[in-house]
Amino acid sequence: MGSRNIVKLLIAISAGWLLLCTAIIGTLIFAEMHKPQWQKDADQAADQAESNPKRAIALYEKAITEAQNDNVPPGPRLDLMEKHADSLYSDGQYLEAKAGYHDAGALARRSRLLERQSDFLIYESRAWHDAYKLGLADMPDAAIVKTALALRSDKEELPNKAVQAAHLALADIAIDHEQYGKAVSFYKKALADASTLKDGDGKRDARLGMITVAVIQKNYRLGNDIFLEGVEDKDGDANTLRSNYFALMIEADASIDTDYDAIKANLLKLLQEQNFAKLDEFFAAELNKEKELPSGQLPVDIYLSYLNDLAASAPSTDWKNKIAALTTWNQKCPRSQAAKLVLADVLASYALSLKSQSESEEQKSSPPSVEAIFARAQRVLSEEKMKTPSWYNCSQTVVLNCSFDQQKYNKIVDECQRKFPNYKETVFSKAATLLPDAYGEDGDIEKYVADECRKLPAPQSDILYAQTVMYLETLATDDTLNVTSLSWDRTRRGLRSLLTLHKNWLVGKTLLSILATEAHDTKTAENAFAD
């Protein structure tokens with residue numbers, strides 16, 4: 001074939017591809033333009049599910065109404081109703097989610113879609129259970145799940161995903177009724193279902209349920225044994241298993257010493273009611289207390305953090321409402337240090353959330369408002385002349401969340417350590433900045449922690465080492481001992497010294513087990529609750 005013919009052939013092929021691509025793009029544009037409105041609203045809701053959940057819920061509600069008016073078949077309508085109820089559930093609106101699943105189940109029943117009806121009954125029961133735990137609903141009835149099981153057992157081979165979910169739901173309801181033997185039996189069935197389905201997350205959920213029962217019955221050694229079985233069996237994501245186990249034990253530990261959940265609920269209630277006098281009375285007493293927790297933290301730092309309870313993904317309106325309430329507290333109580341600390345902390349968190357959003361959207365620079373919010377947080381802190389340890393802790397957070405200035409940050413740390421040499425939160429927070437995924441280089445965090453501990457005699461030096469590792473473990477998304485070269489042997493020594501001083505400290509024993517699993521120290525993990 002001559003070169004001229006080859007050129008003609010290539011031109012023809014290129015023209016053909018161009019026509020095909022144009023046709024495909026045109027078809028996609030036409031399809032998008034002619035989508036029914038309910039579909040457009042549903043697509044928009046899905047896009048906003050994480051960034052603006054309340055907006056997504058409203059869009060799903062709109063899409064459901066539009067689909068019903070358009071006489072859309074039951075299948076797509078049920079999909080919309082399920083996504084709407086799932087969004088409500090994810091937003092913590094359990095009663096509303098329960099009603100949404102109930103309505104979807106009713107439509108599935110009318111449409112003779114029995115498998116879908118069974119699924120919705122199970123989802124309804126789980127939402128009911130969670131509403132009950134918060135005191136928002138009556139105790140759920142197990143009959144609803146048994147009906148779901150009956151609907152599915154004739155239709156599908158057992159076990160299947162829905163039956164696994166049903167067993168988990170029945171176990172949850174058994175716990176509500178304080179029928180712990182039944183609960184464990186159902187969790188074991190769910191574990192068997194998940195094993196057959198090779199569902200790691202399902203196995204994790206079943207084992208966490210069994211750990212919950214063990215914790216309720218104060219059989220902490222059994223709970224730890226079940227946790228270690230999950231680690232060995234590689235139940236889902238290892239960090240999720242560890243973090244959920246840790247959360248269960250924090251709750252159990254709080255019930256032994258201080259009811260932190262009750263304190264948090266009371267502080268948030270006082271802020272909502274704008275009872276600033278009571279808030280100031282509480283914090284005025286706490287800010288001058290120096291007795292630290294076994295973790296090395298001061299209780300007041302934990303209490304102050306309770307008032308900054310918004311997730312980074314919370315809608316902008318929620319942040320602005322919280323900031324407005326805290327601004328009112330500052331205006332009405334200009335001498336309140338707690339009011340300033342919480343406002344500065346929330347402002348910094350809000351600015352950080354905006355900054356993260358702008359970075360995820362690949363914008364070249366942060367919105368101008370971010371720097372203005374950071375500046376306001378710093379002004380609020382500068383108005384406070386009495387610098388307590390908590391003031392320095394908050395200042396570290398604000399500077400860290402701003403465009404990080406290492407020199408300015410270190411100046412705050414050095415000043416705090418001169419004035420309050422026994423205040424450990426400063427060490428913990430600075431160590432966190434030196435993690436590999438933060439601002440640290442190879443060897444930085446190991447050298448810093450060792451240098452700080454060298455200032456103390458044994459066993460206090462090992463205790464500070466262990467407390468720092470524990471603090472980092474509660475922050476990290478990865479295993480602290482695996483992403484750093486911090487010493488497990490020294491951490492273990494420090495933790496054992498702490499547990500000699502605090503024999504009933506469940507969180508310490510739990511972290512001893514968790515960190516031992518990361519260090520592959522099976523013997524220590526197995527004996528963490530031996531005493």
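These figures come from a predicted structure and were not determined experimentally.
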Item checked: Considering all heavy atoms, the nearest F428-L464 contact -> CE2-CD1, 3.9 Å
Margin query: I'd like to know if the side chain of D141 reaches the main chain of A143, judged simply by a donor and an acceptor atom lying under 3.5 Å from each other, with no hydrogens or angles considered.
Written below: yes
Notebook entry, point to check: Does N393 have any side chain to side chain donor-acceptor pair (under 3.5 Å) partners at least two apart in sequence or in another chain, and if so, which?
Noted result: none
Margin query: Any donor-acceptor pair under 3.5 Å linking the side-chain atoms of K424 with those of Q467?
Written below: yes
Next item on the list: Using side chain to side chain contact (heavy atoms under 4.5 Å, CB included) as the criterion, list what pairs up with S185, not counting sequence neighbours.
Entry: K189
Next item on the list: Before giving the answer on side-chain hydrogen bond (donor to acceptor under 3.5 Å, both in side chains), spell out for S487 and R492 the whole-Å C-alpha distance, their side-chain angles and the decisive distance to 0.1 Å.
Entry: CA-CA 9 Å; S487 167; R492 180 178 52 198; over 6 Å; no
Margin query: Determine whether a donor-acceptor pair (N or O, by modelled atom type, separation under 3.5 Å) exists between the side chain of D444 and the backbone of L434.
Written below: no
Check: Is it true that a side-chain atom of T474 and a backbone atom of Y471 form a donor plus acceptor pair closer than 3.5 Å?
Finding: yes
Notebook entry, point to check: Do the ring planes of Y306 and Y303 sit parallel (below 30°), tilted (30 to 60°) or perpendicular (above 60°)?
Noted result: tilted
Item checked: Non-neighbouring partners of D205 that pass side chain to side chain donor-acceptor pair (under 3.5 Å), sequence neighbours left out -> none
Next item on the list: Walk me through it: do R496 and D462 pass the test salt bridge (Lys or Arg N to Asp or Glu O under 4.0 Å)?
Entry: CA-CA 10 Å; R496 283 183 166 157; D462 289 337; over 6 Å; no
Check: With W329, which of L343, L270, L307 fulfils side chain to side chain contact (heavy atoms under 4.5 Å, CB included)?
Finding: L307
Next item on the list: Over all heavy atoms of both residues, which pair between H167 and F186 is shortest? Give the atoms and the distance, please.
Entry: O-CB, 3.4 Å
Margin query: Less than 3.5 Å apart, any donor N or O on the side chain of Y392 or E415 sitting next to an acceptor on the other?
Written below: yes
Note to self: Keeping H177 on the side-chain end and P140 on the backbone end, is there a donor-acceptor pair under 3.5 Å?
What the structure shows: yes
Item checked: Check: L341 main-chain N/O paired with D345 side-chain donor or acceptor under 3.5 Å -> no
Notebook entry, point to check: With no hydrogens and no angle check, is any side-chain donor or acceptor of S513 less than 3.5 Å from a backbone partner on K509?
Noted result: no
Note to self: Donor-acceptor pair, distance only, cut-off 3.5 Å: does the side chain of E452 make one with the backbone of V427?
What the structure shows: no
Next item on the list: Using salt bridge (charged side-chain N to carboxylate O under 4.0 Å, His left out) as the criterion, list what pairs up with K188, not counting sequence neighbours.
Entry: none
Checklist line | Neighbour count above 12 (heavy atom, 6.0 Å) for K419 NZ | finding: yes
Next item on the list: Taking side chain to side chain donor-acceptor pair (under 3.5 Å) as the test, write out the residues that go with Q406, two or more places apart.
Entry: N410
Item checked: Carboxylate-amine/guanidinium proximity below 4.0 Å for K264 and D309 -> no
Item checked: Residue pairs passing the ring-ring contact (aromatic ring centres under 6.0 Å, His included) test where at least one lies in residues 227-246, sequence neighbours excluded -> F227-Y245
Margin query: Quick test of your reading: applying salt bridge (charged side-chain N to carboxylate O under 4.0 Å, His left out), list the pairs with at least one residue in residues 82-96, sequence neighbours left out, ordered by first then second residue.
Written below: K54-D91, E82-R116
Notebook entry, point to check: Mind checking what makes side chain to side chain contact (heavy atoms under 4.5 Å, CB included) contact with A174, not counting sequence neighbours?
Noted result: Q179, K182, A183
Notebook entry, point to check: For V507 and D253, which heavy atoms make the closest approach, and how far apart are they?
Noted result: N-OD2, 3.0 Å
Item checked: Under 3.5 Å donor-acceptor, N52 side chain and Q48 backbone -> no
Notebook entry, point to check: Do side-chain atoms of N527 reach the backbone of K523 as a donor and acceptor pair under 3.5 angstrom?
Noted result: yes
Check: Can you name the residues that form a ring-ring contact (aromatic ring centres under 6.0 Å, His included) with W488, not counting sequence neighbours?
Finding: none
Checklist line | Within-4.5 Å side-chain heavy-atom neighbours: E526 and L228 | finding: yes
Next item on the list: For D451, enumerate each residue passing the side chain to side chain contact (heavy atoms under 4.5 Å, CB included) test, keeping only those at least two apart in sequence or located in another chain.
Entry: K447, R454
Margin query: Working to the nearest 0.5 angstrom, can you tell me the gap between S349 OG and L354 CG?
Written below: 11.0 Å
Next item on the list: Kindly say whether P421 contributes a backbone atom to a donor-acceptor pair with the side chain of K455 at under 3.5 angstrom?
Entry: no
Let me check something: any side-chain donor-acceptor pairs from residues 124-132 under 3.5 Å, sequence neighbours excluded? List them with distances.
from, atom 1, to, atom 2, distance (Å)
E124, OE1, H102, ND1, 3.4
E124, OE2, H102, ND1, 3.3
S125, OG, I122, O, 2.7
R126, NE, D172, OD2, 2.8
R126, NH2, D172, OD2, 3.1
W128, NE1, D138, O, 2.8
H129, ND1, D176, OD1, 3.1
H129, ND1, D176, OD2, 2.7
D130, OD1, K133, NZ, 3.4
D130, OD2, Y89, OH, 2.4

Notebook entry, point to check: Is the closest side-chain donor-acceptor distance between E518 and T480 under 3.5 Å?
Noted result: no
Note to self: Checking Y123 now: which residues fulfil side chain to side chain donor-acceptor pair (under 3.5 Å) with it, not counting sequence neighbours?
What the structure shows: none
Note to self: Quick test of your reading of the model: are K161 and D199 salt-bridged, counting only N-O distances below 4.0 Å?
What the structure shows: yes
